Enquirer: 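Please read through the structure below; I'll follow up with questions.
Predicted model only: the values in this text are computed from it and were never measured.
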Amino acid sequence: MPSGRVHTLINSGAYLLTVAGAAYAAHTDLYTVSVRDAAGFSAAFWAGTLLLSPDLDLAEGQVSSKRAWGPLGFIWVPYGKMFSHRGLSHSWLIGPLTRIGYLALIVWALLYLLRLTVPDLYAALPRSGLPLEWNFWVPILTGYYLSQWLHLIADGIAPDTGFGRLGRKLRANTPFRRKRARRR
Ligand SMILES: [Zn+2]
């Protein structure tokens, strides 16, 4: 299993290739990426590489993506306890969503607590809704998922149903597989 540093190195290389590709596309008038899209893609890619790595499933111990959170690293300890290493956390579709969902849950809980304890401060928080147009989210999702998939490829995990170990277990028990296994 590659270390956190190796994963960062691989992702950095892929990022440089993406930037080179975008520069080439702009240079040849093929397509010019807007500043907003480039910023969204880059922020999500680096957040996914450094802060939201699938290896947070090891956060009950020490792991570089937990250290990257500094004093806030402890918030990932329950995540590490909840998810077995290279299980659901390392699946292609659901895995990246588990970390976003976990983080969203913590933010929601903190806001809820704030509302209960200091309602005045809660009321003073800025309330700009998130943009709903899909073209705002596409570069962000692309950057995030690309960072996660590069990690899974480096780990040698093939694309699956999105459910990781559970998916593999289910597929291993399909009648088709069992028949083939018997024939062998
Ligand atoms: Zn991993």
Enquirer: Less than 4.5 Å apart, side chain to side chain, heavy atoms only: is that true for Met82 and Thr98?
Expert: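 Heavy-atom side-chain distance check fails, nothing below 4.5 Å.
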Enquirer: Consider only side-chain heavy atoms of I, L, V, M, F, W and Y, link residues closer than 4.5 Å, and tell whether Val118 and Tyr122 are in one cluster.
Expert: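 Yes, it is one cluster - the side chains of Val118 and Tyr122 are joined through contacts under 4.5 Å.
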Enquirer: Nearest 0.5 Å, please: how far is CG in Asp155 from CG in Leu150?
Expert: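 Taking CG in Leu150 and CG in Asp155, the distance rounds to 11.0 Å.
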Enquirer: Go through it in stages, so that I can follow the logic: the residues are Trp69 and Leu52, the test is side-chain contact (heavy atoms from CB on, under 4.5 Å), and I'd like the CA-CA distance, side-chain angles, deciding distance and then a yes or no.
Expert: CA-CA 10 Å; Trp69 283 83; Leu52 295 166; 4.3 Å; yes
Enquirer: I need the minimum non-hydrogen distance between Pro71 and Phe74, along with the two atoms involved.
Expert: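 For Pro71 versus Phe74, the nearest heavy atoms are O-CD2, 3.2 Å.
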Enquirer: Within a strict 4.5 Å, meaning less than it, do heavy atoms of the Tyr145 and Leu97 side chains meet?
Expert: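 Answer yes - side chains close enough.
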Enquirer: Heavy-atom distance under 4.5 Å between the side chains of Phe41 and Leu146, does that happen here?
Expert: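 They are in contact (side-chain heavy atoms under 4.5 Å apart), so the answer is yes.
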Enquirer: What's the separation between atom OH in Tyr79 and atom CG in Leu56, rounded to the nearest 0.5 Å?
Expert: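 Those atoms lie 7.0 Å apart.
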Enquirer: Compare all side-chain heavy atoms of Ile10 with those of Ile153 and state whether any distance is below 4.5 angstrom.
Expert: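 Contact flag for Ile10/Ile153 side chains = no.
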Enquirer: Identify whether Leu51 and Phe83 are in the same connected component of the hydrophobic contact network (ILVMFWY, side-chain heavy atoms under 4.5 Å).
Expert: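 Leu51 and Phe83: one cluster.
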Enquirer: Quick check: do Asn11 and Leu50 have side-chain heavy atoms less than 4.5 Å from each other?
Expert: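 SC-SC contact between Asn11 and Leu50 ruled out.
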Enquirer: Taking atom CG of Leu88 and atom CD1 of Ile94, what is their separation to the nearest 0.5 Å?
Expert: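 Atom-to-atom, Leu88:CG and Ile94:CD1 are 7.0 Å apart.
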Enquirer: Given Phe45 and Tyr15, is the ring pair (Phe, Tyr, Trp, His ring centres under 6.0 Å) satisfied, shown in steps?
Expert: CA-CA 8 Å; Phe45 183 88; Tyr15 182 78; 5.5 Å; yes
Enquirer: Can you give me every donor-acceptor pair (side chain of residues 60-67, partner residue at least two apart or in another chain, under 3.5 Å) with its distance?
Expert:
from  : atom 1 : to    : atom 2 : distance (Å)
Lys66 : NZ     : Ala59 : O      : 3.1
Lys66 : NZ     : Gly61 : O      : 2.9

Enquirer: Check salt bridge (Lys or Arg N to Asp or Glu O under 4.0 Å) between Arg115 and all other residues, then give those that pass, not counting sequence neighbours.
Expert: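 Testing Arg115 for salt bridge (Lys or Arg N to Asp or Glu O under 4.0 Å), a comparison that skips the adjacent residues, returns none.
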Enquirer: Counting C-beta onward and ignoring hydrogens, is there a side-chain heavy-atom pair between Thr8 and Ser12 closer than 4.5 Å?
Expert: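 Touching, per the 4.5 Å side-chain cut-off.
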Enquirer: Following the transitive rule for hydrophobic clusters with a side-chain heavy-atom cut-off under 4.5 Å over Ile, Leu, Val, Met, Phe, Trp and Tyr, establish whether Leu17 and Leu30 coincide in one cluster.
Expert: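 No.
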Enquirer: Is it true that Asp57 and Arg86 make a salt bridge, defined as a side-chain N closer than 4.0 Å to a carboxylate O?
Expert: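 Judged by the 4.0 Å cut-off on N to carboxylate O distance, Asp57 and Arg86 do not form a salt bridge.
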Enquirer: Please say yes or no: joined through hydrophobic side-chain contacts below 4.5 Å, possibly via intermediate residues, are Leu111 and Leu121 part of one cluster?
Expert: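 Yes: a chain of side-chain contacts under 4.5 Å links Leu111 to Leu121.
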Enquirer: Shared ILVMFWY cluster between Leu72 and Ile106, side chains joined below 4.5 angstrom?
Expert: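 Both belong to a single hydrophobic cluster.
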Enquirer: To the closest 0.5 Å, what do you measure between CG (Leu141) and CD1 (Ile100)?
Expert: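 With rounding to 0.5 Å, CG (Leu141) is 8.5 Å from CD1 (Ile100).
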Enquirer: Does Trp92 use its side chain to pair, donor to acceptor, with the backbone of Trp149 at less than 3.5 Å?
Expert: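 Side chain of Trp92 to backbone of Trp149, a donor-acceptor pair under 3.5 Å: no, none is there.
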Enquirer: If you look only at distance, which donor and acceptor atoms sit under 3.5 Å apart when one is on a side chain in residues 129-136 and the other is two or more places apart or in another chain?
Expert:
none

Enquirer: Would you say the rings of Trp76 and Tyr102 are close, in the sense that their centroids are separated by under 6.0 Å?
Expert: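 Ring centroids of Tyr102 and Trp76 are less than 6.0 Å from each other.
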Enquirer: If you round to the nearest 0.5 Å, how far is CG of Asp37 from CD1 of Ile140?
Expert: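 Here the interatomic distance stands at 9.0 Å.
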Enquirer: Test side-chain contact (heavy atoms from CB on, under 4.5 Å) on Trp46 and Thr49 and set out the steps.
Expert: CA-CA 5 Å; Trp46 287 110; Thr49 299; 4.0 Å; yes
Enquirer: Compare every heavy atom of Pro54 with every heavy atom of Ser89, then report the nearest pair and how far apart it is.
Expert: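 Nearest heavy atoms, Ser89 then Pro54: O-CB, 3.9 Å.
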Enquirer: Is the shortest side-chain heavy-atom distance between His151 and Ser53 below 4.5 Å?
Expert: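 Side chain of His151 against side chain of Ser53, heavy atoms only: contact under 4.5 Å found.
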Enquirer: Between Tyr144 and Arg99, is any pair of side-chain heavy atoms under 4.5 Å apart?
Expert: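 The answer is yes; the side chains approach within 4.5 Å.
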